[in-house]
Visitor: 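Below is the structure I would like to discuss, written out as structure tokens.
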Amino acid sequence: MSSERHATLRQIVHEVVEHTPVFDIHTHLFDPAFGALVSWGIDDLLTYHYLIAESLRWTRGSNDFFWALNKTQQADWIWKQLFIERSPVSEACRGVVTTLRLLGIDPKERDLAALRKHFESWSAETYTDHILKIAGVRKVCMTNLPFDDSERVVWERGLKRHPAFVAALRLDPLLLEWDKTAAQLHGWGYDVRGDLSGKTIDEVRRFLADWTRKIDSQYCMVSLPPEWAFPEESVANRLIQEAVLPHGREHGQAFAMMIGVRRGVNPALRMAGDSVGEADVESVERLCAEYPDNQFLCTMLARENQHGLCVAARKFKNLHVFGCWWFLNNPSLIEELTRMRLELLGLSVTPQHSDCRIMDQLAYKWAHSRPIIAEVLSEKYSDLADSNWQVSRAEIQRDVHGLLGGEFERFISR
Ligand code: FIX
Ligand code: ZN
């Protein structure tokens with residue numbers, strides 16, 4: 001194909017990827033009906049835990065001074081460290097600058113007090129709709145934690161849900177902190193015992209069924225440490241095998257595993273103190289092999305695991321790989337992973353989720369990922385065109401819809 005036709009194809013692919021609405025399959029955002037739990041605006045953007053970790057690198061000694069500040073003061077301090085005293089080149093810093101641009105705010109005066117004014121006139125509801133439009137996001141999946149008191153009361157009180165927000169049931173406390181969670185479940189009227197005896201498994205299944213219905217969950221999920229192994233005798237594995245997977249088969253809930261996080265490696269950073277470790281892909285393969293009637297979603301945090309995970313997904317059709325999680329959500333790694341995944345898995349993958357915690361971040365995270373996905377995809381279409389396989393615009397639109405959430409919807413509805 002001539003270089004001119006390659007250029008036209010590339011332009012069409014970029015256009016299609018830019019304009020295709022996304023289903024963002026894993027975020028920590030809340031439906032605006034959750035009120036005070038919704039995070040948005042410049043102070044929340046600046047106090048994102050990625051930026052806390054980056055800014056505290058410029059200090060010596062204890063971090064206590066930072067934790068003693070209120071949110072506005074923390075934002076002031078981070079702004080000074082990462083945006084005034086040096087240039088904001090990291091991906092998380094660049095995200096703030098991109099967000100301001102997409103909101104139509106000119107940051108060139110570098111005046112945080114003036115920037116704050118732009119966020120004053122919105123409510124959580126109007127702001128959410130504004131951001132969804134700017135980001136081109138059609139559906140947002142939350143991470144829902146009934147074990148968290150402030151979230152549970154909202155579900156129990158009842159809420160009028162925003163049409164773009166769907167729920168997913170997060171199971172970390174159930175699977176990883178069973179002793180504490182058993183006491184909680186007991187207090188809510190589930191007849192469970194710490195040693196899993198008696199009616200415990202049935203009662204955990206009753207709890208899962210109750211909350212799946214209450215929140216209309218799309219899937220259930222857990223984050224796991226790199227040491228997680230299957231099979232292996234552990235409370236988490238017993239609960240997975242005897243409660244979560246039977247529940248998944250009965251209620252059509254895929255089980256998402258986010259593997260490779262080492263929590264609290266530096267407790268002085270609080271929620272910014274988690275790290276990464278290489279995990280065991282073979283455990284994922286063994287789980288998929290033993291439970292062919294369950295659907296598994298998986299993302300892994302270590303770069304070293306990405307190739308093995310793609311190969312595992314080639315072997316098991318009940319395994320769907322998603323996202324460039326957390327420390328992988330950087331342009332160079334998104335490109336590498338997306339290329340590897342398309343080459344090994346074709347279009348049966350969800351290349352990206354945003355993991356946003358602050359509503360505004362939807363704008364930058366997708367604005368940063370879309371051109372990379374488009375570039376890799378257009379390279380693949382160009383290679384095909386060299387052998388005279390021309391893709392039509394409609395075919396490109398079909399493919400991109402699949403990559404940006406459509407394929408995920410098909411996978412979880414099987
Ligand atoms: O466990 C998770 O879902 C992680 O994504 C978060 O806990 C993490 O803090 C995060 O925000 C990563 O992007
Ligand atoms: Zn997350």
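Remember, it's 1-based here, ligands and their atoms both numbered in the order they're listed. Given the structure is predicted, the values throughout are model-derived calculations rather than measurements.
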Visitor: Using a 4.0 Å heavy-atom cut-off, which part of M221 comes near ligand 1: side chain, backbone, both, or neither?
Guide: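 M221 to ligand 1: no contact under 4.0 Å from either part.
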Visitor: Assess the residue pair W366 and D24 against the criterion (side chain to side chain donor-acceptor pair (under 3.5 Å)); give the C-alpha distance rounded to whole Å, side-chain angles, the decisive distance to 0.1 Å, and a yes or no.
Guide: CA-CA 9 Å; W366 285 105; D24 194 339; 2.9 Å; yes
Visitor: With K80 as the cation and W77 as the aromatic partner, state whether NZ or CZ is under 6.0 Å from the six-membered ring centre and within 45° of the axis.
Guide: no
Visitor: In terms of residue, atom name and distance, what is the protein heavy atom nearest to atom 11 (O) of ligand 1?
Guide: R357 NE, 2.8 Å
Visitor: Between H14 and S378, is there a side-chain donor-acceptor contact under 3.5 Å, judged purely by atom types and distance?
Guide: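 The answer is no; no qualifying pair exists.
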Visitor: Of all the atoms in ligand 1, which lie at a distance below 4.0 Å from a heavy atom belonging to H28?
Guide: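 What qualifies from ligand 1 is 2 (C), 3 (O), 4 (C), 5 (O), 6 (C).
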Visitor: Please verify whether a non-hydrogen atom of Q361 lies at under 4.0 Å from ligand 1.
Guide: no
Visitor: Suppose I only count heavy atoms of H26 and a 4.0 Å limit; which atoms of ligand 1 are within that range?
Guide: 3 (O), 5 (O)
Visitor: How close does the nearest protein non-hydrogen atom get to atom 10 (C) of ligand 1, and which residue and atom is it?
Guide: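 Answer, as residue, atom name and distance: H49 NE2, 3.5 Å.
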Visitor: Should one rank F327, Y50, W325 by closest heavy-atom distance to atom 13 (O) of ligand 1, which comes out on top?
Guide: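 Looking at heavy atoms only, Y50 sits closest to atom 13 (O) of ligand 1.
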Visitor: Considering non-hydrogen atoms only, spot the tightest contact between A254 and L297 and give its length.
Guide: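 Here A254 and L297 meet closest at CB-CD1, 4.0 Å.
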Visitor: Go through the steps to decide whether D195 and S197 satisfy the test side chain to side chain donor-acceptor pair (under 3.5 Å), and finish with yes or no.
Guide: CA-CA 5 Å; D195 63 0; S197 64; 2.6 Å; yes
Visitor: For the residue pair I134 and L103, what are the closest heavy atoms and their distance?
Guide: CD1-CD2, 3.8 Å
Visitor: Counting no waters, how many protein N/O/S atoms sit under 2.8 Å from the Zn ion (ligand 2)?
Guide: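 Excluding waters, the total comes to 3.
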Visitor: Measure R170 to ligand 1 on non-hydrogen atoms and call it side chain, backbone, both or neither using the 4.0 Å cut-off.
Guide: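 Within the 4.0 Å criterion, R170 contacts ligand 1 through side-chain atoms alone.
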Visitor: Please confirm whether F147 and W211 have ring centers closer than 6.0 angstrom.
Guide: no
Visitor: Indicate the ring-plane relationship of F23 and F408, choosing parallel, tilted or perpendicular according to the 30° and 60° boundaries.
Guide: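 Ring orientation, 0 to 90° scale: perpendicular.
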Visitor: May I ask you to check if ligand 1 and R263 share an N or O to N or O distance below 3.5 Å?
Guide: yes
Visitor: Do the side-chain N and O atoms of S348 and H320 include a donor-acceptor pair separated by under 3.5 angstrom?
Guide: no
Visitor: With distance as the sole criterion, is a donor-acceptor pair present between the side chains of W325 and D355 under 3.5 Å?
Guide: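 Yes - a donor-acceptor pair under 3.5 Å links their side chains.
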